[in-house]
Amino acid sequence: MSDNQLANKSQAWSALFSEPMSDLVKRYTASVGFDQRLWRADIAGSLAHAEMLAAQGILNAEDHAAIQRGLGEIAAEIEAGQFEWKLDLEDVHLNIEARLTERVGIAGKRLHTGRSRNDQVATDVRLWLRGEIDEISGLLKALQTVMVEKASEHADVILPGFTHLQVAQPVSFGHHLLAYVEMFARDAERMGDTRKRVNRLPLGAAALAGTSYPLDRERVAKTLGMEGVCQNSLDAVSDRDFAIEFSSAATLVMLHISRLSEELILWMSQNFGFIALPDAFCTGSSIMPQKKNPDVPELARGKTGRVVGHLVGLVTLMKGQPLAYNKDNQEDKEPLFDTVDTLKDTLRIFADMLAGLTVKPEAMRAAALKGHATATDLADYLVKKGVAFRDAHEVVAHAVKTATAKGVDLAALSLDELKAFDARIEADVFEVLSLEGSLNARNVLGGTAPAQVRAQVARHRARLV
Ligand code: ARG
């Protein structure tokens, strides 16, 4: 069979098959429609494999040169949008290999020596994912940087902190933002951990059992910048735990984004009025002219469901699969690709949106003055005067009840009124009952005192350079 015949024949693997595939089955089994995005990784993997074959004397220098040249030309073709992807050739791997043979002849047919698509695809996905993890880590860093700067600007802005969505204690808005920075910092750490296990080489496992050629797998790993070689061929071609691990790290990022989204949506509503988002991230209503809707955070909250769904999909895909490679694994790609796309877009858009966030300190302050937010401070004040905390808690509960009945905040009661609950209360109590007093009192590591917030800002800045 001529090289051209090989490239054009509809089934790339063998003469064993006498019946052609129906168009429906072809479409059903092909992955080229989506896995073509792995082309860079596929070519990088092939180049590294060919280089090692040549170094080991399995491929002669002439064939090696032809393969290098051919793959370079194919890369240029794909880049220029001139590559013709063929459904008949099933996937990215067979498409590129067939084109290589078309271009360089018999040398192209030698590339697959000691290799199977099973170890090839596992390698490609890992290489591709490694690059995406690096991009995502950069985006997480950029988002954190924006949030740290906003926190620095608003270290002294006070809003009510909530538990059960009830006013609990006043906190610094900067402190609130830094809570998310902590989450995103852990997310970045998780991405880094995941990367270590993604960055291992399956090539050389061949179909499932390893290969009879004297391959130098360590050499290929080194060429590809991988941290190690998968040590068991059956495991190397079959497990997708690295994809699941990434997907779960991505899910956590989106969970954090969804929590932040929920808060932005609440804060932007008329009932809170704590913030405004830039117009470019909101939409109007086709019927209600007064509306400005926080579409971006709402969509991010919604898209979190989709990323969670992909995680569940991948976990379910892997469950119960016997060793070694099964075609089921072709289904790992679309969820993984969509997870990466969704995550990257979301991180980019959040960094831009938060950079343009407008804060309304007066509204935050008014809300913080509403729910007896400094009640704990009064209890702590009494403790410092010798009252046992449980008793102090009880005294303050009575005071809150009275203030509520009067329709005022605890801090608005007069000294005489307060003294009626405990004679040890004196004029200095009002310092404690003020929002600023409450914040400043929490000058403990990790606390909300503006001084602590500024110290955290400095720590994050140093970490994020
Ligand atoms: N397109 C396949 C995938 O994504 C490549 C591996 C195919 N291997 C095989 N033995 N059919 O998993």
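Bear in mind that the values here come from a model prediction, so they are computed numbers and not experimental data.
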**Report entry** R37/D341 salt bridge by N-O under 4.0 Å criterion
**Finding:** yes
Query raised in the report: Do the charged groups of R99 and E73 touch, with an N to O distance under 4.0 Å?
Result: no
Report summary line: Correct closest heavy-atom pair for V453 and G174 would be CG1-C, 4.0 Å
**Report entry** Atom pair OG1 (T283) and NZ (K292), whose distance is rounded to the nearest 0.5 Å
**Finding:** 11.0 Å
Requested in this report: Give a yes or no on whether E331 atom CD has more than 12 heavy-atom contacts from other residues, nucleotides or ligands under 6.0 Å away.
Outcome: no
**Report entry** Test item: E334 side-chain N/O and D332 main-chain N/O as donor-acceptor pair under 3.5 Å
**Finding:** no
**Report entry** 4.5 Å side-chain heavy-atom contact, D187 and R190
**Finding:** yes
Query raised in the report: Between R40 and E79, does at least one N-O distance fall below 4.0 Å, as a salt bridge requires?
Result: yes
Requested in this report: Would you check, one step at a time, whether the test side-chain contact (heavy atoms from CB on, under 4.5 Å) holds for R301 with I265?
Outcome: CA-CA 10 Å; R301 194 173 55 180; I265 294 161; 3.5 Å; yes
Query raised in the report: With a 3.5 Å cut-off and no angle check, do the side chains of N329 and Q321 form a donor-acceptor pair?
Result: yes
Report summary line: In short, I257 meets A300 closest at the heavy-atom pair CG2-CB, 3.8 Å
Report task. Kindly check if the number of other-residue, nucleotide or ligand heavy atoms within 6.0 Å of NZ (K344) is above 12? Result -> yes
Report task. For side-chain contact (heavy atoms from CB on, under 4.5 Å), just list the numbers for W39 and W85, CA-CA rounded to whole Å, side-chain angles, deciding distance to a tenth of an Å, and then say yes or no. Result -> CA-CA 11 Å; W39 71 267; W85 298 101; 4.0 Å; yes
Query raised in the report: Is the closest basic N to carboxylate O distance between D35 and K333 below 4.0 Å?
Result: no
Query - Stepwise salt bridge (charged side-chain N to carboxylate O under 4.0 Å, His left out) check, E436 with R365 - result: CA-CA 10 Å; E436 282 74 12; R365 188 176 185 87; 2.8 Å; yes
Report task. Show the numbers, then the answer: is there a salt bridge (charged side-chain N to carboxylate O under 4.0 Å, His left out) between E90 and R117? Result -> CA-CA 12 Å; E90 196 183 319; R117 270 188 301 155; 3.1 Å; yes
Query raised in the report: Just wondering, do L24 and R27 contact through their side chains at under 4.5 Å, heavy atoms?
Result: yes
Requested in this report: Under the ring-ring contact (aromatic ring centres under 6.0 Å, His included) rule, collect the residues that match up with F337, sequence neighbours excluded.
Outcome: W128
Requested in this report: Give a yes or no on whether L165 atom CG has more than 12 heavy-atom contacts from other residues, nucleotides or ligands under 6.0 Å away.
Outcome: yes
Query raised in the report: So does R259 have more than 12 non-hydrogen atoms from other groups sitting under 6.0 Å from CZ?
Result: no
Requested in this report: Taking atom types as modelled, find out whether N95 and Q36 have a side-chain donor-acceptor pair closer than 3.5 angstrom.
Outcome: no
Report task. Establish, from distance only, whether the side-chain atoms of E263 and H176 form a donor-acceptor pair under 3.5 Å. Result -> yes
Query raised in the report: What heavy-atom pair brings F184 and L143 nearest, and what distance separates the two atoms?
Result: CE1-CD2, 3.7 Å
Query raised in the report: Distance from T113 atom OG1 to L215 atom CG, nearest 0.5 Å?
Result: 9.5 Å
Query - Heavy atoms from other residues, nucleotides or ligands near CD of E362 exceed 12 (cutoff 6.0 Å) - result: no
Query raised in the report: Which residues satisfy the salt bridge (charged side-chain N to carboxylate O under 4.0 Å, His left out) test with K196, sequence neighbours excluded?
Result: D193
Requested in this report: Drop me the distance from E135's CD to L347's CG, to the nearest 0.5 angstrom.
Outcome: 11.0 Å
Query raised in the report: For S46, which residues count as a side chain to side chain contact (heavy atoms under 4.5 Å, CB included) partner, sequence neighbours excluded?
Result: D42, L71, L111, R115, Q120
Requested in this report: State, yes or no, whether a side-chain contact exists between F246 and T339 at a heavy-atom distance under 4.5 Å.
Outcome: yes
Query - Least distance between heavy atoms, G447 atom then H175 atom - result: O-CE1, 3.2 Å
Requested in this report: Report yes or no: do R463 and H460 form a side-chain donor-acceptor pair below 3.5 Å?
Outcome: yes
Requested in this report: May I ask you to test the M191-L343 pair for a side-chain heavy-atom distance under 4.5 Å?
Outcome: yes
Requested in this report: Take E62 and R110 through the test salt bridge (charged side-chain N to carboxylate O under 4.0 Å, His left out) and record every step on the way to the result.
Outcome: CA-CA 12 Å; E62 200 185 319; R110 295 205 164 107; over 6 Å; no
Query raised in the report: Which atom names give the shortest non-hydrogen contact between N118 and A207, and what distance separates them?
Result: ND2-O, 3.1 Å
Report task. Report, as yes or no, whether the 6.0 Å neighbourhood of atom CD on E84 holds more than 12 heavy atoms from other residues, nucleotides or ligands. Result -> no
Query raised in the report: In a check of salt bridge (Lys or Arg N to Asp or Glu O under 4.0 Å) between E227 and each of R126, R195, R200, R197, which one passes?
Result: R195
Query raised in the report: Is K86 salt-bridged to E97, going by a charged N under 4.0 Å from an acidic O?
Result: no
**Report entry** Check: K327/Q330 side-chain N/O donor and acceptor closer than 3.5 Å
**Finding:** yes
Requested in this report: Consider only side-chain N and O atoms of R461 and S152, and report whether a donor and an acceptor are under 3.5 Å apart.
Outcome: yes
